[in-house]
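First comes the structure, then the notes that go with it.
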2 protein chains.
Amino acid sequence: MSLRYALLALLTVEPMTGYDLYKEFESSVGHVWHAPDSQIYPELRRMEKDGLLEGEEITWGQRGKKRQYHITEAGVEAFRTWMNGTLDYARVRDPAHLKAAYLEWAAPEAAREQMLAHIRHHTELLRQWHDKVREIEEGGSPMLNRRLAKAPVEQRRKTAAFKKFTYEGLIARAEQEIAWANRGLALIDELYAEPETADSGKS
Amino acid sequence: MSLRYALLALLTVEPMTGYDLYKEFESSVGHVWHAPDSQIYPELRRMEKDGLLEGEEITWGQRGKKRQYHITEAGVEAFRTWMNGTLDYARVRDPAHLKAAYLEWAAPEAAREQMLAHIRHHTELLRQWHDKVREIEEGGSPMLNRRLAKAPVEQRRKTAAFKKFTYEGLIARAEQEIAWANRGLALIDELYAEPETADSGKS
DNA sequence: CGGCACTACCTATGCGCATAGATAGATGAA
DNA sequence: TTCATCTATCTATGCGCATAGGTAGTGCCG
């Protein structure tokens, strides 16, 4: 049910079309929440029906049309309520750690490859998030700039600070995952090392 | 689709009933993968149909019956194949970080409460995982002991090591989340601090 | 012996999301 | 002017899972 609030968050800045929002989900917000267009368009219609948004037909070119949504007072209120409420945490369901727990079933090279894939995946995320933090620091994020421009002066520091805080958390997490996978590689090397001296210490 | 492999992992040790497996999902494996019984029972039937398991009616008391499943060769093969294959990582979808990114919309006390809830949640996980690691080190995990008893001698060190490695990763992750939330608390304090001296440094 | 917790299994509904399409107009480069 | 690419929206199917029930036998305590 977070999709709804991710959409509201974006629409607090300015009116947008479903396609605009979809594009944001492919880049900025997409770093914390992803959604395909096939989920976004119906949700926008539901949100309009629920009075959180209002849509408006915009002409586009000669014959083209698009539907631009702007947030209503009720929408702002719903978003604020969600922001002030508490989250319930989902039960753990983690394929990477599930596999790690039974890694003795994998061939040594396959086990190593799991760890390398884990590192590759999180290194790529890390790269994107670092870019994002740099963008925030340099003031080069269009969406954030529009948000800041619209916000009251005393709010701006907070807005930028919380964004940076968020990405720094994601970065720390990714770094942790990489460190873990590296420990995994070392462990695999150790466990599958050729025993040079044949003193299999039977305690 | 990981549920299937979590079930296979457990059934490599010994035959179990749906209820046995459900109990394991409430305790041991539940730390990396959770599933309700309403998902387990149908999946077991599908797995039997797919030839990965074979079920057997067991009498229980006077009139009682239960169905015990044991893994087939095909099941072992399927599990091994999964273990040797690669995982595809799901797109990021993280409610806690989504909220964190817009924390300026929350009241200061609510923002603080989010961070405290994050800390509480991960502290609780941490407690469970620490218990689990201690259990592994002390050899007090019945399921793991049966697994070790069944495994060839040269495998045992690996089995225990990968389990410990898994939990240590989860522990490091939880510690990271707690550290992040603590930085969040500090940030909130800083941003909402009463400006004692009114020198609002306008650069 | 009655009651209650536990074991054991099952069903139904609905949501969120992935995946894979389809349609149609706009825009710009070759 | 054609053709690819982008903008814009929509539909359909199916899986995984949450949630919330239901039934029936077992075992033990008081």
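Only this structure's heavy atoms are used, side chains among them; waters, hydrogens and symmetry mates stay out. Sequence lines set the chain letters: A, B, ... in the order given, protein chains first and strands last, and positions in each chain run from 1. Quantities reported herein were computed from a predicted structural model and do not represent experimental measurements.
Atom-to-atom, CG of A/D20 to P of D/dT7 comes out at 10 Å; the value is rounded to the nearest Å. In this structure, B/Y5 places its OH atom 10 Å from P of D/dG16, rounding to the nearest Å. Summarising the geometry, the separation between CD on B/E24 and P on C/dT7 is reported as 13 Å, rounded to the nearest angstrom. With rounding to whole Å, B/L21 atom CG is found 14 Å from C/dT7 atom C1'. Taking atom CD1 of A/I58 as the reference point, atom C1' of C/dA26 lies 16 Å away to the nearest angstrom. Summarising the geometry, the separation between CD1 on A/I40 and C1' on D/dC10 is reported as 13 Å, rounded to the nearest angstrom. Rounded to whole Å, the distance from NZ on A/K66 to P on D/dC6 is 17 Å. The CZ atom of A/F25 sits 17 Å away from the C1' atom of D/dA8 (whole-angstrom rounding).
Near-neighbour residues of DNA chain D inside residues 42-55 of chain A, defined by a heavy atom below 4.0 Å, number-ordered: A/R45.
Ion pair B/R173/A/D94 flagged as a salt bridge, since at least one NZ, NE, NH1 or NH2 atom sits closer than 4.0 Å to an Asp/Glu carboxylate oxygen. Of the charged side-chain nitrogens involved, none lies within less than 4.0 Å of a carboxylate oxygen, so that B/E104 and A/R156 do not count as a salt-bridged pair.
For D/dT7, the OP1/OP2 oxygens have a side-chain nitrogen or oxygen of A/Y19 closer than 4.0 Å. Taking side-chain N and O atoms only, A/Y41 has a distance below 4.0 Å to OP1 or OP2 of D/dT9.
Between B/E57 and B/K66, every side-chain heavy-atom pair lies at or beyond the 4.5 Å cut-off.
The cationic atom of A/K99 (NZ for Lys, CZ for Arg) does not lie both less than 6.0 Å from the six-membered ring centre of B/Y5 and within 45° of the ring axis.
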Can you build the contact string for nucleotides 17-30 of chain D? Use B for base contact, S for sugar-phosphate-only contact, and - for no protein heavy atom under 4.0 Å. SSBB----BS----

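Scanning for ring pair (Phe, Tyr, Trp, His ring centres under 6.0 Å) contacts around B/Y89 gives A/H118, A/H121, with sequence neighbours left out. In this structure A/F165 satisfies the ring pair (Phe, Tyr, Trp, His ring centres under 6.0 Å) test together with B/W180, sequence neighbours excluded. For A/Y22, the ring pair (Phe, Tyr, Trp, His ring centres under 6.0 Å) partners at least two apart in sequence or on another chain are A/Y19.
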Donor-acceptor pairs under 3.5 angstrom involving side-chain atoms of residues 73-84 of chain B: please list them, not counting sequence neighbours.
residue: B/T81; atom: OG1; partner: B/E77; partner atom: O; Å: 2.8
residue: B/N84; atom: OD1; partner: A/A107; partner atom: N; Å: 2.7
residue: B/N84; atom: ND2; partner: B/R80; partner atom: O; Å: 3.3

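A side-chain donor from one of B/Q128 and B/E124 sits under 3.5 Å from a side-chain acceptor of the other.
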